[in-house]
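What follows is a single structure, written as structure tokens, with notes after it.
First listed ligand is number 1; within each ligand, the first listed atom is number 1.
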Amino acid sequence: MVYPTLANARATGNKMLAVLIDPDKARRDNLQQLAQYANDGHVDVFLWGGSLVNAPQSAYYLKLLRAHLDSVPVVLFPGSTYQLDPEADAIFLLSLLSGRNSDLLIGRHVQVAGRLKQMQLEIMPTGYLLIDGGRPTSVSYMSNTTPIPADKYGIAAATALAGQQLGMKLIYMDAGSGALNPISPDLIASVRNEIDLPLIIGGGIRTPERAAAALEAGADMIVVGNGLERNSDWLPELAAAVRGVSHRFDLVETPPVAAGVRGESSEG
Ligand code: 1GP
């Protein structure tokens, strides 16, 4: 089960690393190398999904990845209802709370509810928030929604809190794949201060420093996709940065909170 691990990470200050694989960009050699890194303890979870996915290819590569993994789970992070696959361990059942597209808040969920029930995946109801990452991303375009502006900490925090009050089990804030700017530590901290749920952060994290900054600000798990697609050689260094933040949390009783967390920008 994936959720108990996430909840435990939240409770103990342990930090987690997820690697996102877009099935359309998957390559056999890269998948094998990522699986090897995961088996060596450098990856906690794989996420599987993309904005546009050719279904047969996705199923083939997902099987291949699973065949090479010892025990690291694979969680579906679906960009569409075509991306459900019983080969995975679990699914982030996303409600796009930052948008006002009712299809992505409830419509698609109704379409797939029966299929999901049959698949017996572990289902994690996820409040999904898009945050502006400095340029339009596939997910903002495909979802036909506007991301929350990057300096509107109060709106992000209230949206995440509403997700918690609606019964979501975790919050995933995403600047979108290939974002120019990752979500700022101050925005992460303001959301962290408002909610108790596990908090996942992704989009534009392409260096160990960016990973550490997100985790120090209050993320429980970070997601890296784009930055590992062509070259995964730096994954051990990235994993070391994640563990480094976990160990720092071992030494303090209360996780530090970034300064000025309620300080929403006065602009706009
Ligand atoms: C996108 O959060 C993920 O949904 C990962 O983003 O590909 O930029 O790492 P990147």
Which of the numbered atoms in ligand 1 are below 4.0 angstrom from a heavy atom of [X]?
| X | answer |
| --- | --- |
| Gly204 | 8 (O), 10 (P) |
| Val224 | 9 (O) |
| Tyr172 | 2 (O), 3 (C), 4 (O) |
| Phe77 | 4 (O) |
| Ser177 | 1 (C), 6 (O), 7 (O), 8 (O), 10 (P) |
| Gly178 | 7 (O), 8 (O), 10 (P) |
| Gly202 | 2 (O) |

Salt-bridge contact Arg192-Asp220 (side-chain N to carboxylate O under 4.0 Å):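 So Arg192 pairs with Asp220 through a salt bridge.
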Protein residue, atom and distance nearest to atom 4 (O) of ligand 1, heavy-atom basis: Asp174 OD2, 2.5 Å
What I want to check is whether the side chains of [X] and [Y] have a donor and an acceptor closer together than 3.5 Å.
| X | Y | value |
| --- | --- | --- |
| Tyr37 | Gln33 | yes |
| Ser58 | Trp48 | yes |
| Arg66 | Tyr61 | no |

Decide whether an N or O pair under 3.5 Å exists between Gly225 and ligand 1.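 N/O-N/O distance below 3.5 Å exists for this pair.
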Could you tell me whether some N/O pair between Gly203 and ligand 1 is separated by less than 3.5 angstrom?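 Between Gly203 and ligand 1 (N or O atoms, distance only) the closest approach is under 3.5 Å.
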Are the ring centres of Tyr3 and Phe92 closer than 6.0 Å? no
From Leu228, Leu65, Leu47, residue fulfilling side-chain contact (heavy atoms from CB on, under 4.5 Å) relative to Ile21: Leu65
Using heavy atoms and a threshold below 4.0 Å, how should the contact between Asn226 and ligand 1 be classified: side chain, backbone, both, or neither? both
CG (Asn39) with more than 12 external heavy atoms under 6.0 Å: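 Yes.
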Is Gln83 reaching over with its side chain to a backbone N or O of Gly79, donor-acceptor style, under 3.5 angstrom? yes
